[in-house]
4 protein chains.
Amino acid sequence: MASVNKVILIGNLGKDPEVRHLEGGVAVARFPIATSESYKDKSGNKQEKTEWHNIVVWRGLAEVAEKYLKKGQSVFIEGKIRTSQYQDKEGNQRYSTEIVADNMTMLGGRSDGSTGGGNYQETASSSSSAGGNYGGNASATQNDEPDDLPF
Amino acid sequence: MASVNKVILIGNLGKDPEVRHLEGGVAVARFPIATSESYKDKSGNKQEKTEWHNIVVWRGLAEVAEKYLKKGQSVFIEGKIRTSQYQDKEGNQRYSTEIVADNMTMLGGRSDGSTGGGNYQETASSSSSAGGNYGGNASATQNDEPDDLPF
Amino acid sequence: MASVNKVILIGNLGKDPEVRHLEGGVAVARFPIATSESYKDKSGNKQEKTEWHNIVVWRGLAEVAEKYLKKGQSVFIEGKIRTSQYQDKEGNQRYSTEIVADNMTMLGGRSDGSTGGGNYQETASSSSSAGGNYGGNASATQNDEPDDLPF
Amino acid sequence: MASVNKVILIGNLGKDPEVRHLEGGVAVARFPIATSESYKDKSGNKQEKTEWHNIVVWRGLAEVAEKYLKKGQSVFIEGKIRTSQYQDKEGNQRYSTEIVADNMTMLGGRSDGSTGGGNYQETASSSSSAGGNYGGNASATQNDEPDDLPF
DNA sequence: TTTT
DNA sequence: TTTT
C-alpha cells in the first residue's frame, strides 16, 4: 500500500449542516465550506478566488456538527478526499468529490460573539450511537462507515 | 480570509504524465495517482478501496514530472484542492476536482530498481520557463497560474 | 533525498512576538504558541495537557507578526521543525527545537473583538525588506535564511 | 481549545528502533529519522542540511516498528510534537522534543530489495497487547499513553 | 545516526 | 506563557 490521503482545511460554512439519522442511530452531517485565496492578476489588481468543499462527517462528529456548527462559522477540518461515482439521469458516469472528516475544530464564528473552540475527533467515545461498538474503528482506521449505505 | 486548503498525498501513478507546453514556454503536466486503504467489512473480510486523484503540476514541477515520473511510481504530493465548473454537452453544470501540486517528492518505483528520491517545489529557481521571473510568485503564493488558460 | 518535514499548528500566543531587525533590513520574529489536548485519566477525570511551541518567522512574516500578532491570539502555523545544537556554559551539548514557519494565518483573538483573518506567506512580495529580492527564495525553498546569522 | 498539533515527516531511520515492553504488555519503540533539504549558499554552492527527529510509537505501532523497521529505511510519519521537561544532573531544566506518531507508513529501504509498503495506525485492531482493549482510545484520541510511565 |  |  504505502499510501496517504490527507486533507487539511480551514474555512467558513456556506450553510448550516444537513443531518441525517440512519437506521441504527448513526448520524451523518454534510455541509459546504469555503476557502479563499487572493492573488494579483496580470494587471496587478487584487483578485479573490473561492473554493467550495463538501464536508461529510459521521457519528459523533455529525452530532457535534448538528449542535454547534452554523452557517458562517469557521472550522478546521482534517480528513480525506473521497470521490464517488454515480450515473446521472442520461446514464452518464459522473463524479462527486467530498471530504470525509475525521477531526474537526471550531474556530469561532463571523460576528456572533461565540468564542469558538472545541476539538472533536471521530472516536468511539464521542459517538452516542446506540449499541454501537466501533472500538478500534475510530478516526484513525479510515473505516468509519457502515458498509452499505444508500449513497 | 483566514483560510487553508491543503492536501497531502502519497500514491502511485496510474499513467505516465501528460504534458503540454503552452505559449510562453509554460509547462503543465497531469497524471492520476491512486491511494488505497484497507478495512474489514461486516463479515470481517479484508477489503481494499482505491481512491483516484487527478494531479496537476505547473512549470518546473511539470518538467520534473515529464522527465522523471512514470506509471507505477510512488510520489509524495503536497498541494491544494481545486474544483472547476464546466458545462457538459447537454448544457448541465458539471464539476471536476483536481489537486494542484506545489511540492512533489519521488518515492521510488514499483519494482524497477529506481531508487527514487528528489524533492521538487514550485519555485522560480526550479522553473526553466523562458524569460520567466516568477519571483515571489513561487509555490507559496498560490497564484502560480497564468490568468487565462484554455481550460 | 525524498524527505518531508512539515508541521501544522493552531494555537494561542503565550507572549507578544519579539522582533529583531538584522543588518540588511531582514526581520526575525519569535513567539511561543500553546496547543492543548484534553484526555481522561485513569480515574475518568478530564485532564488537559498543554504543549508549547517556539515559532520563528522571517522577513515579511516577521513584520506581519510584529504588527498584528499579540499575546492570546490564535494562529494557524505551517512550517518545519528545526533543532539547533549549542553548548551550554558547562560545555555540554544542548538542543533547542523551533518551528520555522512559512505560512501563517491569524484566526482571531481571545475576546478583544478582533475578527481575525488574513493569510500570510513567506514570499518576496510580502516582504518589505529594503533592497531585497528574495525571488525564488520564497516560502517553498526552505532556504529562507541568511547564511551566517548570530544564532 | 481549538488547537491542532500535527507533524508530517518522510525520512530515513538513523538506527534500528529500540523497543521496550512495559508492564501490562504495552510496547514503546523509539528511533531517529533524518530529513534533509538542500539549498544554495551565498556562493551558489549546493549545500545539504539534515534534521534529526526522535520518533516515539506506542502499542501496535511499536510492534510494527520492532518487526519491520530497520536502519536506513524510509518511513512516512504522522504525529504530534511533544516536548518533555527534565532536570539534568546539575539540576538545570532541560527540554527534549519528540514526535509521538499515530500513523506510520513504510516507504521502502535503501537498496535492500524490500518493496516497502504497509500503512499502520494506532488502533486497537493493530495492537497485539495482551488483554488490551484500547477501544476508542485509538490513534485519534491523542490519549494513547498510560498515565504514569517511568519517563 | 539516514538518505541522495 | 495561551486558550477553554
Side-chain angles (χ1 to χ4, degrees), chain A residues 68 76 105-108 114-120, chain B residues 68 76 105-108 114-120, chain C residues 1-5 9-18 30-39 46-55 69-77 83 85 93 95 106-112 114 116, chain D residues 1-5 9-18 30-39 46-55 69-77 83 85 93 95 106-112 114 116:
Chain A
Y68 299 113
F76 170 90
T105 295
M106 298 165 54
L107 297 173
S114 84
T115 38
N119 170 270
Y120 302 94
Chain B
Y68 300 114
F76 170 90
T105 295
M106 299 167 54
L107 298 174
S114 83
T115 37
N119 170 269
Y120 301 94
Chain C
M1 283 155 286
S3 78
V4 171
N5 174 359
L9 301 171
I10 294 178
N12 299 284
L13 278 82
K15 296 183 189 171
D16 288 356
E18 288 180 7
R30 288 165 194 271
F31 53 89
I33 71 170
T35 58
S36 54
E37 56 174 313
S38 51
Y39 62 95
K46 206 172 177 184
Q47 299 290 338
E48 193 175 73
K49 195 176 168 203
T50 296
E51 198 67 41
W52 286 97
H53 312 269
N54 294 310
I55 310 298
L69 292 185
K70 293 281 170 247
K71 177 175 172 175
Q73 277 181 328
S74 177
V75 278
F76 170 90
I77 292 285
T83 299
Q85 294 183 40
Q93 197 76 329
Y95 299 90
M106 296 167 55
L107 298 174
R110 243 167 340 189
S111 53
D112 54 1
S114 82
Chain D
M1 285 154 282
S3 78
V4 171
N5 175 357
L9 301 171
I10 294 179
N12 299 283
L13 278 82
K15 296 183 189 171
D16 289 356
E18 289 180 8
R30 287 166 194 271
F31 53 89
I33 72 170
T35 58
S36 54
E37 56 173 312
S38 50
Y39 62 96
K46 208 174 177 183
Q47 300 290 338
E48 195 175 71
K49 194 174 169 207
T50 296
E51 199 66 41
W52 287 97
H53 311 269
N54 295 311
I55 311 297
L69 291 185
K70 295 278 169 250
K71 178 177 172 174
Q73 277 181 330
S74 176
V75 280
F76 170 89
I77 292 284
T83 299
Q85 294 184 41
Q93 197 76 327
Y95 300 90
M106 297 166 54
L107 297 174
R110 243 168 339 191
S111 53
D112 55 1
S114 82

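In the text below, chain A, chain B and the rest are named by the order of the sequence lines, each starting its count at 1. What you see below is based on every heavy atom in this structure, not just the backbone, and it leaves out hydrogens, waters and symmetry mates.
- Between D/Lys15 and D/Pro32, the closest side-chain pair of non-hydrogen atoms falls below 4.5 Å.
- Atom CD1 in C/Ile55 sits about 12 Å away from atom C1' in F/dT2, given to the nearest Å.
- Atom C1' of nucleotide F/dT4 and atom CG of C/Asn12 are separated by 9 Å, given to the nearest angstrom.
- Checked against F/dT2, E/dT2, F/dT1, the side chain of D/Thr50 finds its nearest nucleotide in E/dT2.
- Of the candidates F/dT1, E/dT2, F/dT2, the closest approach to any side-chain atom of D/Lys71 belongs to E/dT2.
- Look at CD on C/Glu51: it is 17 Å from C1' on F/dT4, rounded to the nearest Å.
- Atom CG in C/Leu107 sits about 13 Å away from atom P in F/dT4, given to the nearest Å.
- Of the listed nucleotides (E/dT2, E/dT4, F/dT4), F/dT4 has the atom at the smallest distance from the side chain of C/Glu48.
- Residue D/Lys70 places its NZ atom among more than 12 non-hydrogen atoms of other residues, nucleotides or ligands, all under 6.0 Å distant.
- A straight line from NE2 of D/His53 to C1' of E/dT2 spans 11 Å, rounded to a whole angstrom.
- When the P atom of E/dT1 is taken as reference, atom CD of C/Gln93 falls 13 Å away, rounded to whole Å.
- In this entry the distance linking CD of D/Gln85 with P of F/dT1 reads 12 Å, nearest Å.
- Here the P atom of nucleotide E/dT4 and the CG atom of C/Asn5 are 19 Å apart, to the nearest Å.
- Contact annotation: the side chain of C/His53 approaches that of C/Glu51 to within less than 4.5 Å [non-hydrogen atoms, C-beta and beyond].
- An aromatic stack links C/Trp52 and the base of F/dT1, using centre distance under 5.5 Å and interplanar angle under 30°.
- Between D/Ile55 atom CD1 and D/Leu9 atom CG the span is 5.5 Å, to the nearest 0.5 Å.
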